[in-house]
Amino acid sequence: IRERTLSKRSQFALGMFIFGCAFFMVFFIVGLWVINLEIKQKEKMQVYLQTEEHRLFQYLEAVPLGIFVVDKNGKPYYANHQAKELLGRGIDPNASSESLTEVYQLFRAGTQEPYPTALLPIVKSLKGEKVMIEDLEIHRPDGTVVPLQVWGTPLFNPTGEVQSAMVVFSDITDRKQVDEMKHNLIS
């Protein structure tokens, strides 16, 4: 009787061990399946986000104004085609908000005075301000001088902190020439 009892106990223990292993395997397989579903879902989301980002950049490229974006540290992040054309150069990866005046040759209109960094719309926008100026000129590498009207705005993250800043600018050469002609006619 004692041997049968041990045998029954052994059988019960073996049965419980097998049941535990089977339960563990089912749990493990279900876990792998769920992880696989999450990975596939994240991959789909990544493709969706890349598609949307591409679409957004296409919109920005179609805008007939210069668009220039810096990250929260003032490092250039994006410039559309029109911005590159007006600036006479693309993004300088070594530029920062402190060096934008020098890197992009920004001057007060009608002078050889470098535009004060603290007054640049992009720098002010990094501090949360919306700004518009008309007294800035770009001295491009090819020697041409382009007067600009510049609008700056901060871009906020969901918690309301400035995450980046953007300026939109246009060449106002024609407008300046018309204003000068009007002034000359009146004088």
Side-chain angles (χ1 to χ4, degrees), residues 48-187:
Y48 173 77
L49 290 174
Q50 287 173 342
T51 302
E52 290 302 308
E53 181 181 58
H54 179 73
R55 183 177 304 167
L56 173 62
F57 286 139
Q58 282 184 317
Y59 294 151
L60 295 175
E61 288 298 325
V63 174
L65 300 168
I67 298 174
F68 191 84
V69 180
V70 296
D71 67 17
K72 67 181 177 183
N73 300 314
K75 187 164 181 67
Y77 171 73
Y78 173 78
N80 72 349
H81 177 75
Q82 187 65 23
K84 293 172 189 172
E85 192 160 308
L86 288 169
L87 294 171
R89 60 181 61 90
I91 290 179
D92 183 332
N94 299 316
S96 66
S97 58
E98 295 81 29
S99 67
L100 291 174
T101 294
E102 181 182 341
V103 169
Y104 292 101
Q105 295 293 292
L106 309 175
F107 292 87
R108 284 196 186 266
T111 73
Q112 290 297 314
E113 178 187 344
Y115 206 91
T117 300
L119 299 179
L120 288 173
I122 200 119
V123 173
K124 291 179 113 180
S125 293
L126 282 171
K127 295 177 182 174
E129 297 180 45
K130 287 187 176 186
V131 184
M132 191 281 290
I133 62 168
E134 294 183 337
D135 64 339
L136 183 138
E137 289 178 344
I138 301 249
H139 292 206
R140 297 194 298 199
D142 66 4
T144 57
V145 175
V146 181
L148 298 176
Q149 182 173 27
V150 184
W151 298 268
T153 189
L155 302 172
F156 300 97
N157 66 17
T159 62
E161 298 168 331
V162 175
Q163 72 176 5
S164 56
M166 177 174 74
V167 289
V168 176
F169 48 95
S170 66
D171 180 346
I172 56 173
T173 301
D174 293 340
R175 191 173 88 200
K176 291 277 187 182
Q177 290 173 345
V178 168
D179 288 346
E180 188 176 322
M181 287 172 33
K182 283 182 187 176
H183 180 70
N184 290 338
L185 285 173
I186 293 173
S187 299

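- Counting heavy atoms from C-beta on, the side chains of Val103 and Asn94 never come closer than 4.5 Å.
- Note that CD of Gln105 and CD of Glu137 are 12.0 Å apart. Values are rounded to the nearest 0.5 Å.
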Would you sort out whether Tyr115 and Ile133 count as a side-chain contact (heavy atoms from CB on, under 4.5 Å), showing the intermediate values?
CA-CA 12 Å; Tyr115 206 91; Ile133 62 168; 3.4 Å; yes
side-chain contact (heavy atoms from CB on, under 4.5 Å) between Leu86 and Ile138, worked out
CA-CA 8 Å; Leu86 288 169; Ile138 301 249; over 6 Å; no
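- Environment of CD in Glu102: sparse, with no more than 12 heavy atoms of neighbouring residues, nucleotides or ligands closer than 6.0 Å.
- Contact annotation: the side chain of Lys130 approaches that of Pro154 to within less than 4.5 Å [non-hydrogen atoms, C-beta and beyond].
- To the nearest 0.5 angstrom, Leu65 atom CG is 6.0 Å from Ser170 atom OG.
- Looking only at side-chain heavy atoms (C-beta outward), Ser97 and Val70 stay at 4.5 Å or farther from each other.
- Within 6.0 Å of the CD atom in Gln50, the count of heavy atoms belonging to other residues, nucleotides or ligands exceeds 12.
- Between Glu134 and Arg175 a salt bridge is recorded (basic side-chain N to carboxylate O distance below 4.0 Å).
- For the residue pair Glu85/His81, the side-chain donor-acceptor check at 3.5 Å is satisfied.
- Aromatic ring pairs are classed by plane angle as parallel below 30°, tilted from 30° to 60° and perpendicular above 60°; the pair Phe57 and Tyr77 is tilted.
- A heavy-atom distance below 4.5 Å is not found between the side chains of Thr173 and Lys176.
- Contact annotation: the side chain of Gln82 never approaches that of Ile67 to less than 4.5 Å [non-hydrogen atoms, C-beta and beyond].
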One pair to check against side-chain contact (heavy atoms from CB on, under 4.5 Å): Leu136 and Phe169. What are the steps and the verdict?
CA-CA 10 Å; Leu136 183 138; Phe169 48 95; over 6 Å; no
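- Atom CG in Leu60 sits 13.5 Å away from atom CZ in Phe68 (nearest 0.5 Å).
- Side chains of Val167 and Trp151 form no contact here, defined as non-hydrogen atoms less than 4.5 Å apart.
- In Lys72, the NZ atom is not crowded: 12 or fewer heavy atoms of neighbouring residues, nucleotides or ligands sit closer than 6.0 Å.
- The shortest distance between side-chain heavy atoms of His183 and Asp179 does not fall below 4.5 Å.
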